[in-house]
Amino acid sequence: MACPTGPGQAKACPTKLTLFFERLAHLITNGEYIKDILAREPGAKVAARGWVKTRRDGKGVHFVQLQDGSSAIDLQVVILAGLLPEAVLAAVTTGSSLRVEGTVVASPGPGQPVELRAEAVEVYGPADPATYPLQKKGHTMEFLREIAHLRSRSNTFSAVFRVRNALCYAIHRFFQDNGFVYVQTPLITTLDCEGAGQMFQVTTLDLAATPKTPEGRPDFSHDFFAKPAHLTVSGQLEAEMFAHSFANVYTFGPTFRAENSNTPRHLAEFWMIEPEMAFADLDDNRRLAERFLKAVLAEVMDRCRADLEFFNKRVDNTLLATLANVVENDFVHLPYTEAVRILEEAAAKGKTWEFPVSWGTDLQSEHERHLTEEVFRKPVVVTDYPTQIKAFYMRLNDDGRTVAAMDVLVPRIGEIIGGSQREERLDVLRQRMVGQGLKEEDYAWYLDLRRFGSVPHAGFGLGLERMMMYLTGMKNIRDVIPCPRTPGSAAF
RNA sequence: UCCUCAGUAGCUCAAUGGUAGAGCAUUCGGCUGUUAACCGAAGGGUUGUAGGUUCGAGUCCUACCUGAGGAGCCA
């Protein structure tokens with residue numbers, strides 16, 4: 001089996017295998033996806049399975065919109081009057097699940113190329129139309145969020161999760177095609193300070209009867225891991241392990257933040273992608289981020305054209321133009337010092353900031369929005385931030401007052417990527433840890449990476465759901481993940 | 001966590017401090033193959049919760065709950 005695996009070679013793989021899996025898919029699914037039925041020639045005998053979105057009745061004919069999540073367009077099933085017993089027809093209601101055997105015929109009506117002329121209908125499970133909450137009319141996102149177990153049947157969420165699936169696939173494909181190794185970093189960690197915010201504690205101690213130390217504090221030596229443990233806020237430090245053995249690696253997994261953040265951009269549980277490259281500096285990192293975003297966007301735009309057109313029509317009518325603009329143009333590279341100068345100039349020309357700008361302070365949302373939405377109108381990569389506002393592991397620049405950090409800012413969303421070149425010099429890293437009050441013994445293995453074969457290396461983190469918001473135009477991050485977790489809310 | 005706004009029928013929303021309504025959905029009936037179908041009728045309410053002001057509160061006041069937007073924190 002000689003299948004080339006180098007960059008860009010994936011499409012050159014033999015097609016015999018692909019055909020085999022296609023045949024296998026039919027065996028597995030005992031029917032066809034609606035997406036495939038819509039592409040069949042008239043005359044084909046098929047079996048469709050799915051859920052009824054709506055039903056319309058004429059005098060001699062019933063129309064049933066059937067969907068199975070595979071297509072942005074429903075399958076119109078035509079049931080001639082008298083075909084089914086009364087009881088069966090009565091059970092074909094919005095929300096019910098069906099298997100329909102029949103013949104594909106050219107559709108005389110607009111809206112669909114072909115339709116399915118039913119010959120046999122089996123109702124798997126009825127749905128009481130009086131209590132089924134999904135109507136064929138538009139619903140607010142807030143209402144649909146309350147029925148997260150059913151909202152994936154709606155047009156919008158069906159499209160959202162098809163896009164999410166395609167995005168995840170494109171992300172893996174980009175890294176795999178470029179020789180990156182997928183590494184699964186731990187979700188439970190005993191590193192109690194990774195530079196990010198509040199962590200969820202993981203414990204098996206009985207909270208009503210916690211064993212106490214002589215000082216009266218909880219005695220974690222009795223806990224499951226014999227010390228305090230938390231859910232990870234980032235896989236970066238562990239990814240650095242594998243970057244020092246596989247050169248180019250990436251993580252793709254869930255991440256947890258216990259901050260009491262109530263905004264349309266924050267989740268307590270979200271998915272993050274973190275590539276880490278050895279033998280790489282900040283410029284390599286910045287180029288990877290840009291190439292990655294463009295490649296992934298282009299692939300999803302190619303694979304999910306119909307869904308993105310749906311979002312462009314119903315959610316944000318500038319979406320397709322924005323995405324095309326990103327794919328076709330170079331990102332702006334803007335050192336922090338230059339960004340501050342632009343913002344100060346804007347202030348001098350009469351722009352008023354709620355938070356004043358000066359060198360040494362972090363950029364606020366209003367500043368990021370000004371740069372991405374008004375000055376440049378496309379993604380901006382801000383680099384080389386002041387040392388004091390960034391994490392200890394970021395590499396100190398020669399000027400001694402900035403670090404080799406980068407944030408990729410995009411219009412509307414703000415920061416979509418945060419990354420840096422890492423400090424690979426043992427002595428400098430130790431000094432910075434002291435400066436931030438971190439204990440060396442807690443990071444022994446991390447420092448070891450600098451003792452044994454240290455190399456320049458860099459990486460970044462991308463929030464999957466923020467990327468989804470950018471890609472779909474959806475306004476609230478809770479609507480691009482199946483079961484959102486936010487403060488006070490972990491239903492479903 | 002702070003600031004602002006909003007909670008009325010299954011959903012989306014009306015209602016000057018004075019008898020709680022519409023559209024959609026649902027049910028029933030009608031309708032030449034419809035496609036957010038159309039036409040007609042019916043059922044559907046402790047106005048988020050608990051107090052208070054008032055002759056009288058969906059409406060005014062207080063507290064709480066829930067949701068949304070903005071900010072902080074961040075991806």
Side-chain angles (χ1 to χ4, degrees), chain A residues 53-66 73-81 90 93-95 105-112 115 117 127-147 154-155 194-198 232-236 251 254-274 289 314 354-355 362-366 368-369 389-391 407-410 413-419 460-470 475-481 486-489 491:
Chain A
K53 192 171 281 172
T54 87
R55 168 178 155 185
R56 296 176 295 275
D57 297 313
K59 190 168 193 178
V61 65
H62 310 278
F63 299 97
V64 175
Q65 297 294 128
L66 198 68
I73 304 169
D74 302 326
L75 177 65
Q76 174 161 276
V77 174
V78 180
I79 303 173
L80 295 178
T93 61
T94 302
V105 297
S107 181
Q112 60 279 320
E115 60 192 26
R117 181 70 56 92
D128 179 2
T131 53
Y132 184 66
L134 265 182
Q135 300 169 10
K136 60 180 129 186
K137 292 281 184 180
H139 287 295
T140 59
M141 293 299 148
E142 291 79 13
F143 173 69
L144 290 170
R145 220 170 281 150
E146 291 169 10
I147 51 165
S154 69
N155 286 333
E194 294 187 357
Q198 289 287 111
T232 185
V233 293
S234 164
Q236 179 208 313
T251 73
T255 305
F256 308 89
R257 303 274 169 94
E259 232 110 40
N260 193 2
S261 294
N262 293 285
T263 85
R265 301 179 303 282
H266 288 89
L267 289 168
E269 176 183 295
F270 63 99
W271 286 65
M272 191 151 66
I273 296 98
E274 296 173 291
R314 305 287 275 271
E354 190 183 341
F355 296 89
D362 208 355
L363 301 182
Q364 303 294 317
S365 289
E366 57 175 341
E368 295 179 355
R369 294 184 80 114
I389 58 172
K390 288 293 181 182
D407 285 355
V408 178
L409 312 177
V410 296
I413 312 294
E415 183 181 343
I416 196 169
I417 279 179
F460 60 79
L462 167 88
L464 178 69
E465 286 77 16
R466 293 227 175 135
M467 180 80 181
M468 276 294 295
M469 292 172 76
Y470 195 56
K475 306 283 186 296
N476 193 311
I477 201 166
R478 293 158 215 174
D479 298 328
V480 295
I481 189 167
T486 53
S489 172

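In this text, all values refer to a predicted model and were calculated from it rather than measured experimentally. Atoms considered below: every heavy atom in the structure, side chains included; atoms not considered: hydrogens, waters and symmetry mates.
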Participant: Please state the C1' separation for the pair B:U19 and B:A15 - nearest whole angstrom.
Facilitator: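 Those two atoms are separated by 13 Å.
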Participant: Are side-chain heavy atoms of A:R478 and A:T486 found at a separation under 4.5 Å?
Facilitator: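 Side chain of A:R478 against side chain of A:T486, heavy atoms only: contact under 4.5 Å found.
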Participant: Please report the shortest heavy-atom distance between A:T94 and A:R55, naming the atom on each side.
Facilitator: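 Minimum heavy-atom contact is OG1-N, 4.5 Å.
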Participant: On RNA chain B, check which nucleotide each of A:G488 and A:L462 is closest to and give me the residue with the more 5' one.
Facilitator: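 The residue closer to the strand's 5' end, by nearest nucleotide, is A:G488.
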Participant: Rounded to the nearest 0.5 Å, how far does CG of A:L464 lie from CD1 of A:I416?
Facilitator: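 Nearest 0.5 Å value for the CD1-CG distance: 9.5 Å.
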Participant: Given side chains that start at C-beta, do those of A:E274 and A:S234 come closer than 4.5 Å, heavy atoms only?
Facilitator: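 When only atoms from C-beta onward are counted, A:S234 and A:E274 do touch, with a gap below 4.5 Å.
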Participant: Please name all residues satisfying salt bridge (Lys or Arg N to Asp or Glu O under 4.0 Å) with A:R265, sequence neighbours left out, ordered by chain then number.
Facilitator: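 Salt bridge (Lys or Arg N to Asp or Glu O under 4.0 Å) list for A:R265, sorted by chain: empty.
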Participant: In whole Å, I'd like the distance from the CD atom of A:E366 to the C1' atom of B:G69.
Facilitator: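 In whole Å, B:G69 C1' lies 17 Å from A:E366 CD.
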Participant: Say you pick atom C1' in B:C64 and the same atom in B:A25; how far apart are they, in whole Å?
Facilitator: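 Per the computed distance, 33 Å lies between those C1' atoms.
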Participant: Output all residues satisfying ring-ring contact (aromatic ring centres under 6.0 Å, His included) with A:F143, sequence neighbours left out; order by chain, then residue number.
Facilitator: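 Partners of A:F143 by the ring-ring contact (aromatic ring centres under 6.0 Å, His included) criterion, ordered by chain and then number, come out as A:H139.
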Participant: Output the rounded distance in Å from CZ (A:R314) to P (B:A36).
Facilitator: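 My rounded result for the distance is 10 Å.
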Participant: Ignoring hydrogens, what is the shortest heavy-atom contact between A:A289 and A:I417? Give both atom names and the distance.
Facilitator: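 Looking at all heavy atoms of both residues, the shortest contact is CB-CD1, 4.1 Å.
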Participant: Are side-chain heavy atoms of A:F270 and A:R257 found at a separation under 4.5 Å?
Facilitator: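 Sidechains of A:R257 and A:F270: in contact.
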Participant: For a quick check of understanding: with a heavy-atom distance under 4.0 Å over all strands, which category does A:I413 fall into, base, sugar-phosphate or nothing?
Facilitator: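 The residue A:I413 makes no contact with any strand.
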Participant: Counting only N and O atoms by type, is there a donor-acceptor contact under 3.5 Å from the side chain of A:R466 to the main-chain atoms of A:I413?
Facilitator: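 Judged by distance alone, no pair lies under 3.5 Å.
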Participant: Take the protein atom CD of A:E269 and the nucleotide atom C1' of B:C74, then report the distance between them rounded to whole Å.
Facilitator: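 For the pair A:E269 CD and B:C74 C1', the rounded distance is 17 Å.
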Participant: Would you say that A:T255 contacts A:W271 through its side chain, given a criterion of any heavy-atom pair below 4.5 Å between the two side chains?
Facilitator: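 No, their side chains stay 4.5 Å or more apart.
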Participant: Using atom P of each nucleotide, how far apart are B:C61 and B:G18 to the nearest Å?
Facilitator: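 Pairwise P distance, B:C61 against B:G18, rounds to 15 Å.
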Participant: Using the C1' atoms only, state how far B:G17 lies from B:U53, rounded to an integer number of Å.
Facilitator: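 Going atom to atom, C1' in each nucleotide, I get 12 Å.
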Participant: Donor-acceptor pair under 3.5 Å: do we get one between A:S261's side chain and the base of B:C74?
Facilitator: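 No.
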Participant: Between which residue ranges does RNA chain B form stems of three or more consecutive Watson-Crick or G-U wobble pairs, both distances under 3.5 Å?
Facilitator: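 Stems for RNA chain B, defined as runs of 3 or more consecutive pairs: B:1-7 with B:65-71, B:10-13 with B:21-24, B:26-30 with B:38-42, B:48-52 with B:60-64.
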Participant: Give the rounded distance in Å between these two atoms: CG of A:N262 and C1' of B:U4.
Facilitator: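 The answer, rounded to whole Å, is 14 Å.
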Participant: Answer with base, sugar-phosphate or nothing: what part of the nucleic acid does A:F355 contact at a heavy-atom distance below 4.0 Å?
Facilitator: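 Sugar-phosphate contact only - A:F355 comes under 4.0 Å of backbone atoms but never of a base.
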Participant: Roughly how many Å is it from CD in A:E368 to P in B:A71, rounded to a whole number?
Facilitator: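 Taking atom P of B:A71 as the reference, CD of A:E368 is at 10 Å.
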Participant: Could you check whether any side-chain N or O of A:E366 sits under 3.5 Å from a backbone N or O of A:E354, counting only pairs where one atom can act as donor and the other as acceptor?
Facilitator: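 Here the side-chain-to-backbone pair exists.
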Participant: Starting from P on B:A25, measure out to CD1 on A:I147 and report it in whole angstrom.
Facilitator: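 About 16 Å, once rounded to whole Å.
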Participant: Could you go over nucleotides 28-34 of chain B and give all protein N or O partners under 3.5 Å, atom names and distances?
Facilitator:
unit_1: B:G33; atom_1: OP1; unit_2: A:K59; atom_2: N; d: 3.2
unit_1: B:G33; atom_1: O6; unit_2: A:R117; atom_2: NH2; d: 2.8
unit_1: B:G33; atom_1: N1; unit_2: A:E115; atom_2: OE2; d: 2.7
unit_1: B:G33; atom_1: N2; unit_2: A:E115; atom_2: OE1; d: 2.6
unit_1: B:G33; atom_1: N2; unit_2: A:E115; atom_2: OE2; d: 2.8
unit_1: B:U34; atom_1: O2'; unit_2: A:R56; atom_2: NE; d: 3.1
unit_1: B:U34; atom_1: O2; unit_2: A:R56; atom_2: NE; d: 2.8
unit_1: B:U34; atom_1: O2; unit_2: A:R56; atom_2: NH2; d: 2.8
unit_1: B:U34; atom_1: O2; unit_2: A:Q76; atom_2: OE1; d: 3.3
unit_1: B:U34; atom_1: N3; unit_2: A:Q76; atom_2: OE1; d: 2.9
unit_1: B:U34; atom_1: N3; unit_2: A:Q76; atom_2: NE2; d: 3.0
unit_1: B:U34; atom_1: O4; unit_2: A:Q76; atom_2: NE2; d: 2.7

Participant: What nucleotide among B:U1, B:A75, B:U27 has an atom nearest to a side-chain atom of A:P129?
Facilitator: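 Given the options B:U1, B:A75, B:U27, the side chain of A:P129 is closest to B:U27.
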Participant: With a 4.0 Å cutoff (strictly under), does any side-chain N or O of A:R145 reach OP1 or OP2 of B:A68?
Facilitator: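 True: A:R145 side-chain N/O within range (under 4.0 Å) of B:A68 OP1/OP2.
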Participant: When the distance from CD of A:E354 to P of B:C3 is rounded to whole Å, what number comes out?
Facilitator: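 The distance from CD of A:E354 to P of B:C3 comes to 14 Å, rounded to the nearest Å.
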Participant: Could you go through nucleotides 46-49 of chain B and list every protein N or O atom that sits under 3.5 Å from one of its N or O atoms, giving the distance for each pair?
Facilitator:
none

Participant: Say we look at B:C31 and B:G43: how far apart would their P atoms be, to the nearest angstrom?
Facilitator: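 My reading of the P atoms in B:C31 and B:G43 gives 24 Å.
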Participant: How would you label the contact of A:L464 with the nucleic acid (heavy atoms, under 4.0 Å): base, sugar-phosphate, or nothing?
Facilitator: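 No contact.
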Participant: Is any side-chain heavy atom of A:R145 less than 4.5 Å from a side-chain heavy atom of A:D479?
Facilitator: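 Side chain of A:R145 against side chain of A:D479, heavy atoms only: contact under 4.5 Å found.
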Participant: On RNA chain B, compare the nucleotides closest to A:G463 and A:T54; which residue's is nearer the 5' end?
Facilitator: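 Whichever sits nearer the 5' end wins; that is A:T54.
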Participant: Are any of the side-chain heavy atoms of A:E259 and A:V233 separated by less than 4.5 Å?
Facilitator: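 A side-chain contact under 4.5 Å is absent here.
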Participant: Could you tell me the separation between the CG atom of A:D128 and the C1' atom of B:A25, rounded to a whole number of Å?
Facilitator: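 Spelled out: CG on A:D128 to C1' on B:A25 is 12 Å.
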Participant: Between B:A41 and B:U34, how far is it from one P atom to the other, in whole Å?
Facilitator: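 The same atom, P, in both gives a distance of 24 Å.
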Participant: Any side-chain to backbone donor/acceptor pair from A:E269 onto A:F256? Under 3.5 Å, distance only.
Facilitator: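 No.
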Participant: Is there, by distance only and without an angle test, a donor paired with an acceptor across the side chain of A:D74 and the base of B:U35 below 3.5 Å?
Facilitator: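 Such a pair does not exist between side chain and base.
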Participant: In the structure I gave you, are the side-chain heavy atoms of A:Q364 and A:R369 within less than 4.5 Å of one another anywhere?
Facilitator: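 Contact flag for A:Q364/A:R369 side chains = no.
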Participant: Distance check, P atoms only: B:U27 and B:C65, in whole angstrom units.
Facilitator: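 Their P atoms lie roughly 39 Å apart.
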Participant: Say you pick atom C1' in B:G45 and the same atom in B:A22; how far apart are they, in whole Å?
Facilitator: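 Per the computed distance, 15 Å lies between those C1' atoms.
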Participant: For a quick test of reading the model: is some side-chain N or O of A:T263 closer than 4.0 Å to OP1 or OP2 of B:A71?
Facilitator: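 No, outside the criterion.
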Participant: Would you say the side chain of A:D74 lies within less than 4.5 Å of the side chain of A:Q112, judging by non-hydrogen atoms?
Facilitator: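 Not in contact.
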Participant: Compare side-chain N and O positions of A:K475 against OP1 and OP2 of B:A68 and report whether any pair is under 4.0 Å apart.
Facilitator: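 No, because none of the side-chain N or O atoms of A:K475 sits under 4.0 Å from OP1 or OP2 of B:A68.
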Participant: Which of these nucleotides, B:C74, B:G72, B:G69, is closest to any side-chain atom of A:D362?
Facilitator: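 Between B:C74, B:G72, B:G69, the one nearest the side chain of A:D362 would be B:C74.
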Participant: Please list, for nucleotides 5-12 of chain B, all pairs of protein and nucleotide N/O atoms separated by less than 3.5 Å.
Facilitator:
unit_1: B:G10; atom_1: N2; unit_2: A:Q135; atom_2: OE1; d: 3.2
unit_1: B:G10; atom_1: N2; unit_2: A:Q135; atom_2: NE2; d: 2.5
unit_1: B:G10; atom_1: N3; unit_2: A:Q135; atom_2: NE2; d: 3.1
unit_1: B:C11; atom_1: O2'; unit_2: A:H139; atom_2: ND1; d: 3.4
unit_1: B:U12; atom_1: OP1; unit_2: A:T140; atom_2: OG1; d: 3.0

